Amino acid sequence: MTVIAVVPGDGIGPEVTDEAVRLLDDMRLGLEFDHLDEVNATTFRRTGAGMSPQDFERIRSSKSVLFGAIGAPGVNNSEYGRGVLIKMRFELDLYVNHRPAFLWEDRLSPLRDERRRNVDCVIVRENSEGLYVGVGGRVRADTPHEIAIDEEVTTYHGVSRVLDYAFSKARKSVCLVDKSNAVPNGGNLWQRCWRDAVEKNPGIDCSHLYVDAAAMRLIADPSAFDVIVTSNSYGDILSDLTAQLAGGLGMAASANLNPETGFGVYEPVHGSAPDIAGRGTANPLGAILSAALLCEGIGLTEAALAIRGAVSAAVSAGRCTPDIGGSLSTREAGAAVRAELG
Ligand code: NAD
Ligand code: IPM
Ligand code: MN
């Protein structure tokens, strides 16, 4: 049996993860689930850490992880998140955050111009450095003279390996998104690595956009993009944008990956959504499509294709949650996908 660690987390995390696990279980793929139900804000409040060292070991010794979402009103979300999600990304060196966006149904696009609606792109987000390293500090904290510093770290190794991954996923093109016109040092390093990567990959259409223009171009014509490679923080922001272009956060899936070890943490792009938690209305498709990415990551390619086919059929039939125009509950929407699988 292949052990998959399941970390549901907070808010709608458990609601949507449950549907993804039910689906994988139903498919009889030889997976065994190790449920880590104590990784959450309650544990953080009680112990000061959202994830115990023992739980981290269970994660590390699994084949891969299915993750829901973390975050709760009233907790220090940066301290909590750094001890759970960012800890996994950094300590397991999951240096790629692969965030595909695909428009399953034309009616889900917020764009007026139907010729430009077709989103089928991947944000390849650098996931191990940048502004997320937590290097910095505060001087004269809690006074009117406070100084706060968060360093952005960019390394040759980090940038070149994520560019290599981006090119390995290109079907047509790769677009580098940065802010090298204003951020000189890291910007220069991204540009140097980019020139080397472009030279190594003839035959792939390469382009470069500054992040402000990229946000504009993504709204103007998302159909022009295939792979977009960018830094940790720009990837975070642009992947919510591409999610919305493809039907909303409820459907967006992601994979935190180390392509060398094959280890992955698979999670919907969305957070714990406290505004709708407990109502049973959260869209489980982001979690279910993350389960499809997990299948792909551990070599179950046919299962991944089957899940995507079932999602597409359920959405086409309008058998989905209210955020994407249906009237089903989370549970019913999960069941609708399972029914499509037969
Ligand atoms: P969010 O993604 O939780 O919610 C943004 C909006 O999208 C909300 O209106 C929410 O109701 C809606 N939404 C999200 N997922 C949905 C779904 N599956 N179905 C239907 N609607 C959905 O972002 P936020 O409100 O900025 O953050 C809430 C908490 O989640 C914060 O504590 C934040 O730090 C955390 N967060 C965690 C992760 C993660 O664990 N990977 C990601 C993002 C945010
Ligand atoms: C995401 C989230 C996280 C991030 C937060 C919760 C730290 O927004 O996975 O996109 O910024 O990476
Ligand atoms: Mn985010």
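Atoms within a ligand are numbered from 1 in the order they appear, just like the ligands themselves. Here the structure is a predicted model, which means the values were calculated and not measured.
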the protein heavy atom lying closest to atom 7 (C) of ligand 2 turns out to be I86 CD1, 4.0 Å
Original post:
Would you say G286 touches ligand 1, if touching means a heavy atom closer than 4.0 Å?
Top reply: no
Any heavy atom of R82 under 4.0 Å from ligand 2? The part involved is neither
Among the N/O/S atoms of D236, the Mn ion (ligand 3) lies closest to OD1
Atom 5 (C) of ligand 2: closest protein heavy atom, distance to 0.1 Å, is L85 CD2, 4.6 Å
In this structure, atom 18 (N) of ligand 1 is nearest to the protein heavy atom N283 O, 3.0 Å
Atom 12 (C) of ligand 1: closest protein heavy atom, distance to 0.1 Å, is A273 CB, 4.5 Å
protein heavy-atom neighbour closest to atom 6 (C) of ligand 1 works out as L249 CD1, 4.3 Å
Item to check | Within-cutoff protein neighbour (heavy atom, under 4.0 Å) for atom 2 (O) of ligand 1 | outcome: yes
May I ask whether H270 has any heavy atom positioned less than 4.0 angstrom from an atom of ligand 2? no
Of all protein heavy atoms, the one nearest atom 8 (O) of ligand 2 is D236 OD1, 3.3 Å
In this structure, atom 35 (C) of ligand 1 is nearest to the protein heavy atom I70 O, 3.1 Å
When you compare ligand 1 with T281, is there at least one nitrogen or oxygen pair between them that comes in under 3.5 angstrom? no
Would you find a donor on one side and an acceptor on the other, under 3.5 Å apart, between the side chain of S160 and the backbone of Y156?
-> yes
Exercise. Under 3.5 Å, N or O to N or O, is G271 touching ligand 1 that way?
Worked result: yes
Atom 9 (O) of ligand 2 has as its nearest protein heavy atom R89 NH2, 2.8 Å
Can you confirm whether some protein heavy atom lies under 4.0 Å from atom 40 (O) of ligand 1, or whether none does?
yes
Taking a cutoff of less than 4.0 Å between a non-hydrogen atom of the residue and any ligand atom, is V269 in contact with ligand 1? yes
Test item: protein heavy atom less than 4.0 Å from atom 27 (O) of ligand 1 | no
